[in-house]
Asks: 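Next up is a structure, given as structure tokens.
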Amino acid sequence: MALRVYNTLTRKKEEFVPRKPGRVDIYQCGVTPYDYTHVGHARQYVFWDTVRRYLTYRGWEVFCVQNVTDVDDKIISRAHKEGVEFTEISEKYHKDFLDVMDRLGVKRPEVMPKVTEHIPEIIKVIEGLIKRGHAYEVEGDVFFDVVSFPDYGKLSRRSLDDMMAGVRIELNPKKRNALDFVLWKSSKPGEPSWDSPWGKGRPGWHIECSALALEYLGTGFDMHGGGDELMFPHHENEIAQSQAYTGEKPFSRYFVHHAMLNIGDVKMSKSLGNFFSVRDVLDQVEPGVIRYFFASRHYRSPANYGVEELEEASKAYSRLKSTLDAGKRALAEVDKKQPTVSNENKSCRVDLFAAARDSKRKFIEGMNDDFNTAIGIASLHDLVRPINDFLHATGGGAQHDRQNLEGLKEAISTLETLGGVLGLFQEAEDPDDGETMDSLVKLLIDIRDDLRSKKEWGLADKIRNSLKEMNIVLEDTPVGTIWKKI
RNA sequence: GGCGACAUAGCCAAGUGGUAAGGCAGCGGUCUGCAAAACCGCUAUUCCCCGGUUCAAAUCCGGGUGUCGCCUCCA
């Protein structure tokens, strides 16, 4: 079954064919660190983390490059405002980015090149563009000549004529054409600068992605990722620069754009100020909840972020997680002692092998269809239902159905593996959530059973209620009591 | 003004030609000392509206309405 990916270049879902069999080379537009990482950013990196996990799960070798634009106008202006070096700003917020991504379980890309450490590579590309007649220098600034690149506008489906007619940007008398964009920017006094053939200056906004992608992946790599807001002008310009420079196309075989995260139907963005930092949200909910929230929506649809949405995700996620925990506990229990084997357990008729197999098939079919993580989530719920059924029918391991014991192992492992592809269930084990905890809860359950058999409901309920306050829920089944952490 | 995307139940959300996944909320049932959880069942004859193509449309085409994004920094 083939993987299909929606390619912005063709506006169609296409079968994914990489340039090298078995390997996927990915370039992602990274952040400009001038403020705290917000949930909108997290959407992109969580999505691509999921893509990388899925491809790896399916046996591909994955290589991912993600730049860090650590010098730019906004960083400089913030540094001026705070009276510090621009590096202090970029380092502080880059550190925040890495920190929250780690906490979200986003695997670090293989390479995270910084613009300030690749000035020579960038200059090399600009020089090449000038040499090939695609760029020109005016008083220390270098511009890309859009007219020299016939395919300009192809990605975003705009024609040069239309754009020129409706141009909104202020006319820069140095430019030959209003749509020409700057590759190298001469620096004003007090601004960070590097030596170049055109004098002191710094790279323009778009050139770093071309230079870094070509440096680490070469031309014609597999997937280019970024927000759909970047389609024009950023990705359009990247394509123009890169293909004009190499004389080859495509620059990237597939362009994969994810939709924005909104607050009340308006885009979350730093410039609008309507953003939630990931740092703050992680103080409220565990990482898995955020990952569940993203995974339950398709990456190409705009998604609304809000407290209610997060709460719903939290409930649904805890349904998956508490079943996984209870299932693991049941298996651990079986390892410790011989369970009461009952082949006569008629109350349990689920086939967990079949459930695991069906769930896995649905998951892969969904993910193969343009990374449909919402289908993936649904497949997990489909699996959790029969696991719960089994757990309740057998008292969470107290009375096993021999035939389904292996099935439970299979189902739990499938749930954990598939959830892991979506980045779920990565929370570090609670330090006090070990064997001691298990034993203590079990002791309380035993005592409560004694109390119940003596019909001392008051005390029995007190145990149950107190545990509930600690987020431990007791569930009485016909064959014993099981417990879950919620 | 130009370009593009989207509109599915009370809510969130999959589904791009074959008869509406999943979650949250709600209702009924099983179980229970009560409960919770869990499980079972019910909850959109219908997918913004109007036309068209087709044996067949939420899915394709045309028109309309509404929302959002990009065209300026943006994940």
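Sequence lines set the chain letters: A, B, ... in the order given, protein chains first and strands last, and positions in each chain run from 1.
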Asks: Is A/Met231 touching bases, backbone alone, or none of the nucleic acid, heavy atoms closer than 4.0 Å?
Replies: nothing
Asks: Which is true for A/Arg452 with a 4.0 Å heavy-atom rule: it touches a base, it touches only sugar-phosphate, or it touches nothing?
Replies: base
Asks: Going by purine N1 to pyrimidine N3 plus the second Watson-Crick contact, or the G-U wobble pair, all under 3.5 Å, which nucleotide sits opposite B/U46?
Replies: none
Asks: Is it true that the side chains of A/Thr414 and A/Arg357 contain a donor and an acceptor less than 3.5 Å apart?
Replies: no
Asks: Can a side chain N or O of A/Lys267 be found less than 4.0 Å away from OP1 or OP2 on B/C70?
Replies: yes
Asks: What about A/Asp228, does its side chain sit under 3.5 Å from the base of B/A5 through a donor-acceptor pair?
Replies: no
Asks: Counting only side-chain heavy atoms from C-beta out, which of B/G22, B/A14, B/A36 sits nearest to A/His381?
Replies: B/G22
Asks: Once you measure the plane-to-plane angle for A/Phe255 and A/His224, does it fall in the parallel (<30°), tilted (30-60°) or perpendicular (>60°) bin?
Replies: parallel
Asks: What nucleic acid atoms does A/Arg464 come within less than 4.0 Å of, heavy atoms only: base, sugar-phosphate, or nothing?
Replies: base
Asks: Distance criterion of 3.5 Å, no angle test: do you see the side chain of A/Asp461 paired donor-to-acceptor with the base of B/G33?
Replies: yes
Asks: Is any side-chain N of the basic residue among A/Asp370 and A/Arg300 closer than 4.0 Å to the acidic one's carboxylate O?
Replies: yes
Asks: Under 4.0 angstrom, heavy atoms only, what part of the nucleic acid is A/Ile377 near: base, sugar-phosphate, or nothing?
Replies: nothing
Asks: Below 30° counts as parallel, above 60° as perpendicular, anything between as tilted: where do the rings of A/Tyr305 and A/Phe293 land?
Replies: perpendicular
Asks: When you check the phosphate oxygens OP1 and OP2 of B/G23, does a side-chain N or O of A/Lys315 lie under 4.0 Å from one of them?
Replies: no
Asks: Classify the side chain of A/Arg319 versus the base of B/C24 as yes if they form a donor-acceptor pair under 3.5 Å and no if they do not.
Replies: no
Asks: Between the base of B/G69 and the side chain of A/Glu229, is there a donor-acceptor distance below 3.5 Å?
Replies: no
Asks: Base, sugar-phosphate or nothing for A/Ser322? Non-hydrogen atoms, less than 4.0 Å.
Replies: nothing
Asks: Looking just at side-chain N and O atoms, do A/Ser210 and A/Glu238 make a donor-acceptor pair shorter than 3.5 Å?
Replies: no
Asks: Between B/G33 and A/Trp457, is there a base-stacking contact, meaning the centre of the base's six-membered ring lies under 5.5 Å from the residue's ring centre while the planes stay under 30° apart?
Replies: yes
